[in-house]
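What follows is one structure encoded as structure tokens, with my remarks underneath.
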Protein chains: 2
Amino acid sequence: MAQPKKAASIWDVARLAGVSHQTVSRVVNGSPRVAAATRDKVLEAIAELGYRPNRLARSLAGGAIESVTVLAADTSLYGPEAALRGIEKAARSLDWSVQISVLDPADTHSDADIVARLPRAGEPTIIMAHDEPGMRAKQVLLDTQPQAMVAIGPYTAEELAASPWLVGMDDGKAAAEATRYLLDLGHETVHHLAIPTSTGTFGGGKAHRAEGWSRTLREAGREVPEAVPSGWTFAEAFKAVQPLIADRSVTAILCGNDHLALATLRAAHLAGREVPGDLSIVGFDNTPFTAYTTPALTTVNQDFESVGRGAFELLRHRVDSTNPRPKPSWPEPELIVRETSGPPRSRS
Amino acid sequence: MAQPKKAASIWDVARLAGVSHQTVSRVVNGSPRVAAATRDKVLEAIAELGYRPNRLARSLAGGAIESVTVLAADTSLYGPEAALRGIEKAARSLDWSVQISVLDPADTHSDADIVARLPRAGEPTIIMAHDEPGMRAKQVLLDTQPQAMVAIGPYTAEELAASPWLVGMDDGKAAAEATRYLLDLGHETVHHLAIPTSTGTFGGGKAHRAEGWSRTLREAGREVPEAVPSGWTFAEAFKAVQPLIADRSVTAILCGNDHLALATLRAAHLAGREVPGDLSIVGFDNTPFTAYTTPALTTVNQDFESVGRGAFELLRHRVDSTNPRPKPSWPEPELIVRETSGPPRSRS
DNA sequence: ATAACCAAAGTGATCGTTAACATCACTCGG
DNA sequence: CCGAGTGATGTTAACGATCACTTTGGTTAT
């Protein structure tokens, strides 16, 4: 019925069931110290009134927090989007609520500004720290309320093991694998179109994808070309990649993510360079569209949803250490070979 | 400072400033009935303690709600993602918080289950009602708490004007425009690969994209082919579109969204049909990747972020009618002609 | 001079819930 | 038959804020 009548409170239930409000609370929270008959009476009253506990009051009264705030800068990328989905699913299955707050790099955020996004001080928070605004937010929260924070981002296995507040995949290793694959195909060297966070050191983080790439080249005794820095958007990538496309000696490009790879593919096509004949392109993340481009993109699959779930579990552990600390156990990154990679055309 | 000390409350501020907690409340809420000197003392104390009002306590005490819950089934599509961003921006600028809850069609949701997602009864809610789970949630909430709900989805101008809780774009009109464009290019008729909500009537909603398409064909006196139903994923679309690709008499396909269009493009390529020579393909939504596929997709641009903003404004009006009712005033859908559309090859 | 008025600040109730403690009726061992 | 222990409830006090009153002085009108 569409009546905007006020929601029933624990007192209404208590009155109807003929018990004290505290007894209702016990029933709702599954305390064992309630007689079966009383419990039934209460449950009946709850059903009749359609009573649902008020989350706000519950946490106000010192109960569990049961709410996570996710801070993210760019939810249009597949990675953050999938991780958010993972967090939400994990959270919902435990009846936590998820708040989201988008960090707009356009706003000039003071540090206080970032903290102010949390609905309450000390609010449990997960940060998508794969880009500059995210890294910055991570740092701010790390200084302010470290115990209630978890960051998701690209880190090496050692970093992940050392930091009790990090969750992520080993991007360096994945990049190494992709680079290795291209070298094995016979490419002299591999060039790299890098996402912003990979070009420098942000918030103390290292350039993991770029690092794995250059390390592999070095280990193979190859020349390590300068990484080409790109922005996050298709347009920026398209512009940034032009020199690599124009340079006929470039036979393989490892791209920092699939958006950059698609822009590279487009640029190659417009410049008349055949893919993978003239040029091999490998992306990163296995964004859904990659399987349906023409040619279909070779890329590295990442199980972001698992990472999101892992982040949530870790957060629960950190907020309340009676919860088990999850071991980082999502699937390893996996190279998916499709149609944009192949051996270089032999120079005859 | 990494001290996990408890957050300051209004009482702590009051004690430090040497006033009552109510006076602090007045300062915080900008009441004019406070002496300048007192206000300064309080502000100083606030700054010193780093005090931030507790949202939970605030809304518990009967203050404004200042929180929206967004219900969405699929946040991986560009439309919902962009709309969510619009909502979040609008909400944050007014200091509201945004909760998100993903409707997983895999879970069998009872109606009560949907209501239970709201953190409190009567919680202001925005529903992304462009797909089946969304439509269903819309219906459930419409029956339960209509006054605190707004739905975003595809509706005709008349529907939008008639329903005080609807926000959306005129998909039918946009589809008509795209169809008209293809006919004007010289195509005999236009086929339609339809998103799930367009194939039937869901929750009382009509099949707007399909409807605009068929109406235009009818008005032009053309044969109206059966619309081909597809699922939301690339894989489903790829499979569903095969008969259209195989049929050489098909020269133009209007796709229900850009994902379907990309899958169609891929299928056409694999079948050796040239685009746009043999086949014109038009998508829907102007998802960012569409400008960078090869060939680049012709599509219909939609300003989802504005729609999201509009939904939030409308919600504010409905929750508290002293807020102005926003007029639906986002930009009209706009056809973006790129490379997948052209005149049919003349049959000589 | 006194009532009336007003701005500024304080007091106490309230929101819905949980935590801590108090109470009460039994049962049981000695 | 008494005191201790226990299981099932009730009572009271937070939690952090707002709201509706009340109090306190100082002006102003009569």
Side-chain angles (χ1 to χ4, degrees), chain A residues 5-43 45-46 49-67 95-97 118-123 320, chain B residues 5-43 45-46 49-67 95-97 118-123 320:
Chain A
K5 62 184 165 209
K6 264 191 64 132
S9 83
I10 202 169
W11 283 96
D12 302 322
V13 176
R15 199 174 319 118
L16 183 62
V19 297
S20 79
H21 70 280
Q22 178 61 11
T23 300
V24 176
S25 175
R26 289 196 184 94
V27 170
V28 169
N29 294 295
S31 158
R33 300 258 162 283
V34 180
T38 314
R39 166 173 289 116
D40 289 347
K41 256 193 314 190
V42 171
L43 288 176
I46 286 178
L49 294 174
Y51 164 78
R52 294 194 307 122
N54 181 322
R55 277 236 186 85
L56 303 188
R58 184 173 275 187
S59 29
L60 223 209
I65 304 263
E66 306 208 329
S67 149
D95 222 54
W96 283 44
S97 73
L118 305 180
R120 29 188 280 177
E123 163 85 2
D320 174 359
Chain B
K5 63 185 165 211
K6 265 190 61 127
S9 83
I10 202 169
W11 284 94
D12 302 322
V13 176
R15 199 174 319 119
L16 183 62
V19 298
S20 79
H21 63 116
Q22 177 59 16
T23 300
V24 176
S25 175
R26 288 195 184 95
V27 170
V28 169
N29 295 295
S31 157
R33 300 260 161 284
V34 180
T38 315
R39 166 174 289 118
D40 288 349
K41 256 194 312 190
V42 172
L43 288 176
I46 287 178
L49 294 174
Y51 164 78
R52 295 195 305 122
N54 180 320
R55 278 235 187 86
L56 305 187
R58 184 174 274 185
S59 24
L60 224 208
I65 304 264
E66 305 207 330
S67 150
D95 223 53
W96 283 45
S97 74
L118 304 180
R120 29 187 279 176
E123 163 85 3
D320 173 0

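From a predicted model like this one, the values you see are computed outputs, not experimental measurements. Below, read A as the first sequence line, B as the second, and so on, with proteins coming before strands; counting in each chain starts at 1.
Of the candidates C:dC21, C:dT17, D:dG16, the closest approach to any side-chain atom of A:L60 belongs to D:dG16. In this structure, the nucleotide among C:dA8, D:dG16, D:dA8 sitting nearest to the side chain of A:R33 is D:dA8.
Remark on DNA chain C: of its neighbouring residues B:P32 and B:A57, the 5'-side contact belongs to B:P32, judged by nearest-heavy-atom nucleotide. Take the nearest nucleotide of DNA chain D for B:L56 and for B:Q22: the residue whose nucleotide is more 5' is B:L56. Map B:G18 and A:A8 each onto its nearest nucleotide of DNA chain C; the residue landing nearer the 5' end is B:G18.
Close to C:dT18, at under 4.0 Å from its OP1 or OP2, lies a side-chain N or O of A:S25. Phosphate contact (OP1/OP2 of C:dT18, side-chain N/O of A:R58, threshold under 4.0 Å): present. For C:dT18, one of the phosphate oxygens OP1 or OP2 lies less than 4.0 angstrom from a side-chain nitrogen or oxygen of A:N29. For the OP1/OP2 pair of D:dA17 and a distance below 4.0 Å, the side-chain nitrogens and oxygens of B:S59 include no atom meeting the criterion. The side chain of A:T23 contributes an N or O atom lying less than 4.0 Å from OP1 or OP2 of D:dG10.
Within the model, atoms CG of B:D12 and CZ of B:R15 stand 5.0 Å from one another, a figure rounded to the nearest 0.5 Å. For the atom pair CG of B:L60 and CZ of A:R58, the computed distance is 12.5 Å after rounding to the nearest 0.5 Å.
Of the N and O atoms on the side chains of B:E66 and B:S59, not one donor lies less than 3.5 Å from an acceptor on the other residue.
If you measure from atom CZ of B:R55 to atom P of D:dT18, you get 13 Å, rounded to the nearest angstrom. The distance from atom CD1 of B:I10 to atom C1' of C:dG10 is 13 Å, rounded to the nearest whole Å.
Within the nucleic acid shown, B:R39 has no heavy atom closer than 4.0 Å to any nucleic acid atom. Residue B:V34 is classed as a sugar-phosphate contact, given heavy-atom separations below 4.0 Å to backbone atoms only.
Contact annotation: side chain of A:H21 to base of C:dT18, donor-acceptor pair present below 3.5 Å.
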